[in-house]
Amino acid sequence: MSLRSALCAATALSLGTAGAGFAETITIATVNNGDMIRMQGYSDHFTEETGIEVEWVTLEENVLRQRVTTDITTKGGQFDIMTIGMYETPIWGNNGWLVPLDDLSEAYDINDILPAMRNGLSHDGTLYAAPFYGESSMIMYRTDLMEQAGLDMPEAPTWEFIRDAAVAMTDREKEINGICLRGKAGWGEGGAFITTTANSFGARWFDENWTAQFDQPEWKEALSFFVDLMEDAGPPGYSTNGFNENLSLFQQGKCGMWIDATVAASFVTNPEESTVADKVGFALAPNHDGVEKRANWLWAWALGIPAGTNNEAAAKQFIEWATSKEYIELVAANEGWANVPPGARTSLYETPEYQDVPFADMTLKSIEAADPTNPTVDPVPYVGIQFVAIPEFAGIATQVSQEFSAVYAGQQTVDEALEKAQAFTSEEMEAAGY
């Protein structure tokens, strides 16, 4: 190589290295829910404002949980931001696995985050993940089918009303199922739904001595009720249906009712996505007759930064942008107030334009009705509504949810599943030292 060629090559390498230094890139792992996909579409705005490039790894919910858990426990370093929730955040924050978000800018207004969301994403008063959106669960129902059935949906119905209404709205010839509910295995999928259902029947995962409770009559009553309801009025193959599958069924007009995350309301009422957009009503999640607890959960999909990232400053910039008031206004300006990420900020529910959104009030009522410190009828030693906030829960509940899904698929009986759940949970908890 000539001297001139060598100098040119060295100059090119130097410029390339300098350019790479300015073109910082962060990698974000997220779930394939509609609001997260919408956030990806707007991330070019962030790049234009900051010069920071964003790479996305978008995964189905169960896969996301596995990937981020494996990465953070092994210090794999694949991600600069992880989409996590109220279960992982306090545990991982306590373990020192997440970067504290205790130095966000004054303009971000951390005190505007709804107390339920801020508390659920904190450990010892320190925020470890910022909520992109918050949710509870509620009933979404077809007002036209309810009217055809000669029924009026109460604001706070019982499971007994829901069962009767589901049967009345079912029309197998027209492929209309009276109700669509999660049966998919996974602690955060079908496992979350059956746990809240069980809470509303007076069941609990553990008693005050951490003894598993699947051998108690409340669990049998709850699980049997769920199975009978879905056999009578649910869609075929419901054992494999999670949030996204049921969302699709409802939008296609194939569900009379759907009890699921409040965040789904914007999708089922969007005329560009839903064939029944103008025929949807909302009500609180049901309770079993005579039991005070309702079957609603509390959750936030939030953005956290794994400790050890090389891009901490850039990651915090993105989190401030994506969970800010300004991001909400950006979405509202482009897609309308009904499509902004809900349930995270107090100021959203004080905005006159958002107060006119048909599901805003019921979403806030559902969130405020959920108490993770008092999730069951009888006392329990844990915090969490659709989960138990201990490190062992994810593994235990995934296995238990698989046993329940086998019941939904007709592969075993309710009694067999509960017996296996009791034995497995007891063994794992004993091994963990409880």
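Every value quoted in this text rests on a predicted model; they were computed, and no experiment measured them.
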Steps toward side-chain contact (heavy atoms from CB on, under 4.5 Å) verdict (M39, V331): CA-CA 9 Å; M39 175 174 58; V331 176; over 6 Å; no

Does the side-chain contact (heavy atoms from CB on, under 4.5 Å) test come out yes or no for E416 and E403, once each step is laid out? CA-CA 9 Å; E416 288 170 338; E403 298 297 345; over 6 Å; no

Show your working on side-chain contact (heavy atoms from CB on, under 4.5 Å) between M257 and C180 and close with a plain yes or no. CA-CA 6 Å; M257 291 178 287; C180 295; over 6 Å; no

Given R65 and E88, is the salt bridge (charged side-chain N to carboxylate O under 4.0 Å, His left out) satisfied, shown in steps? CA-CA 9 Å; R65 296 186 196 282; E88 300 95 345; 3.5 Å; yes

Tell me, with the steps shown, if W337 and T351 meet side-chain contact (heavy atoms from CB on, under 4.5 Å). CA-CA 10 Å; W337 282 98; T351 303; 3.9 Å; yes

What do the steps show when you test F250 against F267 for ring-ring contact (aromatic ring centres under 6.0 Å, His included), and what is the final call? CA-CA 10 Å; F250 195 96; F267 302 114; over 10 Å; no

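Note that CG of D260 is 7.5 Å distant from CD of E135, once rounded to the nearest 0.5 Å. Distance check, rounded to the nearest 0.5 Å: OG of S366 to CG of L298 gives 10.5 Å. One finds the CG atom of D164 at 10.5 Å from the CG atom of D232 (value rounded to the nearest 0.5 Å). Taking OG1 from T74 and CD1 from I72, the interatomic distance works out to 9.5 Å, rounded to the nearest 0.5 Å. Note that the CZ atom of F46 and the CG atom of L330 stand 13.5 Å from one another [nearest 0.5 Å]. Note that CG of N311 and CD1 of I52 are 8.5 Å apart. Values are rounded to the nearest 0.5 Å.
Annotation: side chain of N33 is not in contact with side chain of I37 (no heavy-atom distance under 4.5 Å). Between N374 and K293 the shortest side-chain heavy-atom distance falls below 4.5 Å.
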Return all side-chain donor-acceptor pairs below 3.5 angstrom for residues 210-219, not counting sequence neighbours, or 'none' if the list is empty.
residue	atom	partner	partner atom	Å
Q213	NE2	T211	O	3.0
W219	NE1	R204	O	2.9

For residues 387-397, which side-chain N or O atoms pair as donor and acceptor with protein atoms under 3.5 Å away, sequence neighbours left out?
residue	atom	partner	partner atom	Å
E392	OE1	Y434	OH	2.8

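Atom CG of D109 has more than 12 neighbouring heavy atoms from other residues, nucleotides or ligands inside a 6.0 Å radius. With a 6.0 Å radius and a threshold of 12 heavy atoms from other residues, nucleotides or ligands, E175 has its CD atom at or below the threshold. Annotation for E419: atom CD does not count as buried by contact number, only 12 or fewer foreign heavy atoms lying within 6.0 Å. Within a 6.0 Å sphere centred on CD of E430, heavy atoms belonging to other residues, nucleotides or ligands number 12 at most. Heavy-atom neighbours of E147 CD from other residues, nucleotides or ligands within 6.0 Å: at or below the threshold of 12.
E245 is linked by a salt bridge (Lys or Arg N to Asp or Glu O under 4.0 Å) to K184, counting only residues two or more places apart in sequence or in another chain. Partners of K220 under the salt bridge (Lys or Arg N to Asp or Glu O under 4.0 Å) rule, at least two apart in sequence or in another chain, are D415. D361 pairs by the salt bridge (Lys or Arg N to Asp or Glu O under 4.0 Å) definition with K365, not counting sequence neighbours. By the side-chain hydrogen bond (donor to acceptor under 3.5 Å, both in side chains) test, T195 pairs with W205, sequence neighbours left out.
Using cut-offs of 30° and 60° on the angle between ring planes, the pair W297 and F193 is perpendicular. Using bins of under 30°, 30° to 60° and over 60° for the plane-to-plane angle, the ring pair F206/Y382 lands in the perpendicular bin. The aromatic rings of W321 and F318 are tilted relative to each other, their planes meeting at an angle between 30° and 60°.
The closest donor-acceptor contact from the side chain of E320 to the backbone of L104 lies at 3.5 Å or more, if one exists at all. Within the 3.5 Å criterion, the main-chain N or O of S122 finds no donor-acceptor partner in the side chain of T126. Within the 3.5 Å criterion, the main-chain N or O of W97 finds no donor-acceptor partner in the side chain of N95. A donor-acceptor pair under 3.5 Å is formed between the side chain of T275 and the backbone N or O of Q251. Side-chain N or O atoms of N177 include one that pairs as donor or acceptor with a backbone N or O of K254 at under 3.5 Å. Using modelled atom types, one side-chain atom of Q252 and one backbone atom of S248 make a donor-acceptor pair closer than 3.5 Å. D378 places no side-chain N or O within 3.5 Å of a backbone atom of D207 that could act as its donor or acceptor partner. A side-chain donor-acceptor contact under 3.5 Å links N119 to the backbone of P115. Judged purely by atom type and a 3.5 angstrom limit, T262 has no side-chain atom pairing as donor or acceptor with the backbone of T363. No donor-acceptor pair closer than 3.5 Å links the side chain of N199 to the backbone N or O of N296.
Taking the charged nitrogens against the carboxylate oxygens, D112 and R345 do have a contact shorter than 4.0 Å, which makes a salt bridge. A salt bridge links E312 with K316: the closest approach of a Lys/Arg side-chain nitrogen to an acidic carboxylate oxygen falls below 4.0 angstrom.
In this structure, the ring of F404 has its center no less than 6.0 angstrom from the ring center of F226. The ring of F243 has its center closer than 6.0 angstrom to the ring center of W258.
Residues S401 and T398 come closest through the heavy atom pair OG-O, 2.8 Å. In this structure, P157 and I139 approach most closely via the heavy-atom pair CG-CD1, 3.3 Å. The heavy-atom pair separating L348 from P342 by the smallest distance is CD2-CA, 3.9 Å. The two residues P131 and I113 make their nearest non-hydrogen contact at CG-CG2, 3.7 Å. Of all heavy-atom pairs spanning V407 and A417, the tightest one is CG2-CB, 3.3 Å. When all heavy atoms are compared, the tightest approach of R172 to T170 is NE-CG2, 3.7 Å.
Of the options T83, D35, T58, a side-chain hydrogen bond (donor to acceptor under 3.5 Å, both in side chains) to T30 is made by T83 and by none of the others. Partner T425 forms a side chain to side chain contact (heavy atoms under 4.5 Å, CB included) with one of M429, E427, Q422 and no other, that one being M429.
Judged by distance alone, the side chains of N287 and S200 never bring a donor and an acceptor atom under 3.5 Å apart. A donor-acceptor contact under 3.5 angstrom links the side chains of T309 and D80, judged on distance only. Residues R142 and Q148 bring no donor and acceptor atom of their side chains to less than 3.5 Å of each other. At a cut-off of 3.5 Å, with distance as the only test, no side-chain donor of Y133 or T323 sits close to an acceptor on the other residue. With hydrogens and angles left out, the side-chain atoms of Q399 and K420 include no donor and acceptor closer than 3.5 Å.
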